[in-house]
Amino acid sequence: TVDFNIDDVAISYATGDYPIGGIYVKPYAPNADGTHVNEGGFLDAGNTAIQTGVNPAYDQMDAVPISSLTEYVTQTGTGAGDYVEVGFTNSTEGKDPIHVQVSVAMSADTATGNNATYRVRDGTTDADIFSGDPSQTTDIFRTLGMATKPSGGAWTETLFNALLFRFGFSSEATPDPRCGGVIAEAVFAEAAAAGPANLKSRNGLVKASVKSINGLVIGSVKSLNGLA
């Protein structure tokens, strides 16, 4: 076996996207907590309660490659309306992304069934990366690709920088569901691209067995295995 990283790659399965043109990809890790709801129902990997200004959630979600086995946040108290919220490092590219994806690593304390939701928030509009049962003791990876903002329309740098991630919403938190690493990635057109950066494909959900991808997979993709 071999571990390898993929950098600056955009893949589309929509023929109308050809030619994609010159692009590059930038990763953005969580770097700040947002507004939590019932933060006392969430613990870090050391079983210390998440607390705004004291023990933030974001520094349990910012490791690269992403994983949920060493650093993570768990929801320990059942609460379908409870969540922790984090923001991402801002883009300083000075241009608008042409595609965005957010990936998350998840697992649970044991393999007994539970549930949780992992989602992004664009203004007042949510889009789920995954909502269901993450009760596995090894890493599960899920990715949400977004050709347009969840609220509709093209991405701008300002709106990308305002994107939030939320974890929680569990109505069955025994065993505790985990949220490990989270990464937002954005694809940009090169300034001197040989062809147009033409990513028109619809939003796609990617289920990937990956440790890290600094590249976007877009379009109607259900699985991408073999990247470790």
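Each residue takes its place number in the sequence, starting with 1. Quick caveat, the model's predicted, so the values are computed rather than measured. What's counted below: heavy atoms across the whole structure, side chains too, no hydrogens, waters or symmetry copies.
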side-chain hydrogen bond (donor to acceptor under 3.5 Å, both in side chains) partner of [X], chosen from [options]:
X: S171; options: T117, N115, N114; answer: N115
X: S68; options: T74, T137, D139; answer: D139
X: S151; options: T124, D122, D126; answer: D122

How far apart are the closest heavy atoms of [X] and [Y], and which atoms are they?
X: L163; Y: F88; value: O-CD1, 3.6 Å
X: D33; Y: A57; value: OD2-N, 2.8 Å
X: Y24; Y: E190; value: CD2-CG, 4.0 Å
X: Q136; Y: S107; value: O-CB, 3.1 Å
X: P134; Y: P177; value: CG-CB, 3.9 Å
X: L164; Y: G87; value: CD2-CA, 4.0 Å

Look only at the side chain of [X] and the backbone of [Y], and say whether a donor-acceptor pair between them is shorter than 3.5 Å.
X: D176; Y: D109; value: no
X: Q60; Y: D62; value: no
X: D8; Y: V25; value: yes
X: E93; Y: P97; value: no

Residues forming a side-chain contact (heavy atoms from CB on, under 4.5 Å) with [X], sequence neighbours excluded:
X: A127; result: V120, L144, P150
X: Q51; result: E39, V54
X: N38; result: D82

I want to check something: taking the side chain as every heavy atom from C-beta on, are [X] and [Y] in contact at a cut-off of under 4.5 Å?
X: V84; Y: F167; value: yes
X: C179; Y: Y72; value: no
X: Y83; Y: R119; value: no
X: F188; Y: S91; value: yes
X: S103; Y: I66; value: yes
X: K149; Y: T125; value: no

I'd like to know if [Y] and [X] are part of one continuous hydrophobic network [Ile/Leu/Val/Met/Phe/Trp/Tyr, side-chain heavy atoms within less than 4.5 Å].
X: V86; Y: L43; answer: no
X: F165; Y: F169; answer: no
X: L69; Y: V73; answer: no

Applying salt bridge (Lys or Arg N to Asp or Glu O under 4.0 Å), can you list everything that pairs with E85, at least two apart in sequence or on another chain?
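Expected list: R166.
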Cationic tip of R142 within the cone over Y118's six-membered ring, i.e. under 6.0 Å and within 45° of the normal?
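No, R142 does not sit over the ring of Y118.
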In chain order, what residues pass the side chain to side chain donor-acceptor pair (under 3.5 Å) check against N161, with sequence neighbours excluded?
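Listed in chain order: nothing, the list is empty.
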For Y58, which residues count as a ring-ring contact (aromatic ring centres under 6.0 Å, His included) partner, sequence neighbours excluded?
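Residues passing ring-ring contact (aromatic ring centres under 6.0 Å, His included) with Y58: none at all.
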Please report the C-alpha distance between H36 and F42 in whole Å, then the side-chain angles of each, then the deciding distance to 0.1 Å, and finally whether the side-chain contact (heavy atoms from CB on, under 4.5 Å) criterion is met.
CA-CA 10 Å; H36 308 317; F42 296 83; over 6 Å; no
